[in-house]
Participant: 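Questions regarding the structure given below will be posed in turn.
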Amino acid sequence: MESKVGAILQVRNLSKNFGVTHALKNVNFDIQCGKICGLIGENGSGKSTASSIIAGMQPATSGEMFYKDKPWKPSSVLEASKAGIAMIVQEAGTIPTVSVAENIFIGKYKQFRKGPIVDKNLMYKEAQKALEIIGVTHIDPTFPTHLYDMQDRKLIELARAMYDDPDILIIDETTTALSHYGREILYKIMHRHAERGKAVIIISHDLDEVMEHCDMLIILRDAEIIDVLERKDFNPDDIKFKMIGREIKGSYYRDDFDGYSDEVVLKAERITTMKDLLAFDLELHKGEILGIGGLSDCGMHTLGRALYGLEDIVRGSVKLPGKNNISITSPKVAFNNGLGYVSKDRDTESLDLNASIFANIASTGYKINSKGPFISAKKEKEYVMTQVNNLAIKCQNVFQPVRNLSGGNKQKVVFGKWTAEDADILILDCPTRGVDIGVKAAMYQLIYQMKKAGKSIVMISEELQELCGMSDRLLILKNGKVSGEFMRTEGFDNTKLINCMI
Amino acid sequence: MHSNNFTKMRSMSGLSLSDKFAVIKNNRFVFTALPFFLLLVVIVFFGATTDNFFGATVLTGIFNQAVIFATLAISVSLIYTAGNLDISIGSAMALCSILAANIYISTGSVVLMIISSIALGIVLMSINSTLSTVLNVKAATVGIVMMQIYSAIRETLLGNDAKIVVSYKMSESLESGFRPIAFILFFLLVFIVYTKTPVGRKTRFYGGNANAAIQAGISKVSLQYIGFIICGLGVGLTGIFSLIRTSGVTITTGDGMGMNVMLATVLGGMSIFGGAKSNSYAGLIGALTVAALNKGLLMIGVSAAIVQGVRGLIFLLIIYLSSERQATLPSRQQF
């Protein structure tokens, strides 16, 4: 990791904190000219954070960078792109309502100006050239961008990045949006770029892809660099081990193969919602952890809401076979029949931020803690304190407003209100979102204990690793339909899973 | 406890003056105690500066002045807690007074008079709640419309005379016995419902975050009805209090009452946006403070205009002290 000759970018002791969450901890690495460098690691390991700091999207909390041997502290994407660092982002990076050419030259219309007027024809011609540089001929630069699909839009972004012939090209998890054809174009460009002595950084979840195309790999885990490997040292098992570090973390996820009962406790029968889901079927068994994964717009979040009665179901029904086949028509019915729901949007949906830890946890126990028409202060205190102690919620006292707690502790409060209520079926939508590693481990333990106690859990997540680590059965959704079903007993294969997602 | 306070004070030593103030301001005991403290200050101040502030006539006067606002403010506490408002309560109260006066004049029965007033209060508030749930409109909006309608009915009923007068003797007989007892019972009822039953807790949680409350199986409609029915009970009771105070009803009875109740509630330390910091007694404290302040300032010879000014200043101070600091952590953005 020492400075080497030919390093175009040097990163030294770079850290980034979001509140109490560390996204990067004292990271050091070099980016070499003429090499393709892969940045790999689990979700939340800090890959995107590192690259977005290099590309000027956000500032670092501390540390330094040197670009072409000068201190590098970009204040905006524009500054970075002028200096020769271009990045293709994970999410959509084009404006759908304007033409392809305008997207390619966004922020750079000046060069086409003739007096006060932008010469569109000249711009279209240049855009055509930009597309040809990357070997794309089927896209018409005069057309509005929204006429093109996700893949073509990514290619438009690529054309925009390559037109300036950047010294460093950063590609952030773009390949998941591309088909074989798109990928081939991208790989060709990457290699050509490196051969011409420029640097390429690629962030990817696809191990085969990075092993095939990269000259070196930087492996990140939990915001730290675990290893930097040269091509000759690539070994898939070693890389996987370093990425996930399962052995090191011990029982971070569960490591058993315990099954679950055949008894169906929750059943969705051909449910159709206003958006996302069309005639969707699902069965949840007693003692099962059912993982639901997919790209974020695949419908999995809507599914979670629909199962808890929060989404209007146009057709079909969600039933509880164990409870006289009662239909879940509202959150109230769900709640009264032993369901619990942890929303993806914790702060706006799961907590009253101004209320105390006590009030938030007690909110699920009004019925349980009642004696006749009154609430028993003793019962309620016990109800709350059991959770605060078991979950080790860090606070001065339980009357502290929840809003002052860290993300992890807030999520513990949310978990607490459902474990206190002793819900039989829990629907968890991104339960470890924005939570640090230590709390994550505690949550996984808790989920596993619930399974052991015969509870049934639907775990919706955008993190494939935790789904693989925790699920008994894993459903991958795509466009509101199940595109793959995998069993823990057969082992989860990341490549297969990802193929089902896209 | 002692060591905890000690470390807290020590940790504050590094803070700037404004931060120190914010820490004190946001302390939950300070927040809860402040309205009581203010009332105490008013009482001690006038007790020291006037001769007979603690005399029976003065205290009775303060109670008489405060009781109407206080009862109304206690009635709306659940509605406010849920994050709702209703300013039609003043006009609704006037209608209760009119019905009660007419019943008394035609039957001569005090019991019927009281029952009819309370029944009408409950009916009127149930109408408000029903309109709000059926039309799916915020209760505050319904309240504005209903205030106009109830006022129009009041004017139509009072007709050309513009007032109804009841016997002074009957009024006087109710003032000393019935009124304080009814007031205390009503306050206890609301206090118990608010703090000891699930209704109060649920309403408070709902007012804080409706989404989270719904996900915890709390039903908005039933909570709203309970809140409005309790409010109706208070409105009907206040109809009687108002009737016996002036021995009648006039064309202006109830005017501006909805707004004054709101002011008393805020002065008592409660947010009109509801939620976690709400309680059932804020209106009572606020109404007592205003009444004591009015009486005391008049007793030391301050003119009515200045009384109003002083009231305004105290009001601003309270608003400032009870306002939230918008100190949110930066949200996590990922690229």
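Labels below follow one simple rule: chain letters A, B, ... track the order of the sequence lines, proteins then strands, and each chain is numbered from 1.
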Participant: State, to 0.1 Å, how close Ala212(B) and Ser350(A) come at their nearest heavy-atom pair, and which atoms those are.
Facilitator: CB-C, 3.7 Å
Participant: Is chain B contacted by the side chain of Glu380(A), its backbone, both, or neither, given a heavy-atom distance below 4.5 Å?
Facilitator: side chain
Participant: Between Tyr308(A) and chain B, with a heavy-atom cut-off of 4.5 Å, which part of the residue counts as in contact: side chain, backbone, both or neither?
Facilitator: side chain
Participant: Using salt bridge (Lys or Arg N to Asp or Glu O under 4.0 Å) as the criterion, list what pairs up with Asp312(A), not counting sequence neighbours.
Facilitator: none
Participant: Would you say the side chain of Arg201(B) lies within less than 4.5 Å of the side chain of Ile375(A), judging by non-hydrogen atoms?
Facilitator: yes
Participant: I'd like to verify something: which residue of Ala276(B), Gly217(B), Ala213(B) has the highest number of heavy-atom pairs under 4.5 Å with chain A?
Facilitator: Gly217(B)
Participant: Can you check whether Val199(B) reaches Tyr366(A) side chain to side chain, under 4.5 Å on heavy atoms?
Facilitator: no
Participant: Could you tell me which residues in residues 328-339 of chain A have at least one non-hydrogen atom under 4.5 Å from a non-hydrogen atom of chain B, sorted by residue number?
Facilitator: Pro331(A), Lys332(A), Phe335(A)
Participant: Could you report the tightest heavy-atom contact between Arg204(B) and Asp352(A), atom names first, then the distance?
Facilitator: O-OD2, 4.3 Å
Participant: If you count every heavy atom of other residues, nucleotides or ligands that lies below 6.0 Å from Tyr225(B) atom OH, does the total exceed 12?
Facilitator: yes
Participant: Taking atom NZ of Lys379(A) as the centre, does the number of heavy atoms from other residues, nucleotides or ligands within less than 6.0 Å exceed 12?
Facilitator: yes
Participant: If we only count heavy atoms from C-beta on, is the Phe205(B) to Asn360(A) side-chain gap below 4.5 Å?
Facilitator: yes
Participant: Report yes if the side chains of Leu310(A) and Gln215(B) come closer than 4.5 Å at any heavy-atom pair, otherwise no.
Facilitator: yes
Participant: For chain B, which of Ala362(A), Ser363(A), Gly340(A) has the most heavy-atom pairs under 4.5 Å?
Facilitator: Ser363(A)
Participant: To the nearest 0.5 Å, tell me how far Lys196(B) NZ sits from Ser376(A) OG.
Facilitator: 10.0 Å
Participant: Looking only at heavy atoms, what is the nearest atom pair of Pro198(B) and Pro373(A), with distance?
Facilitator: CD-O, 3.4 Å
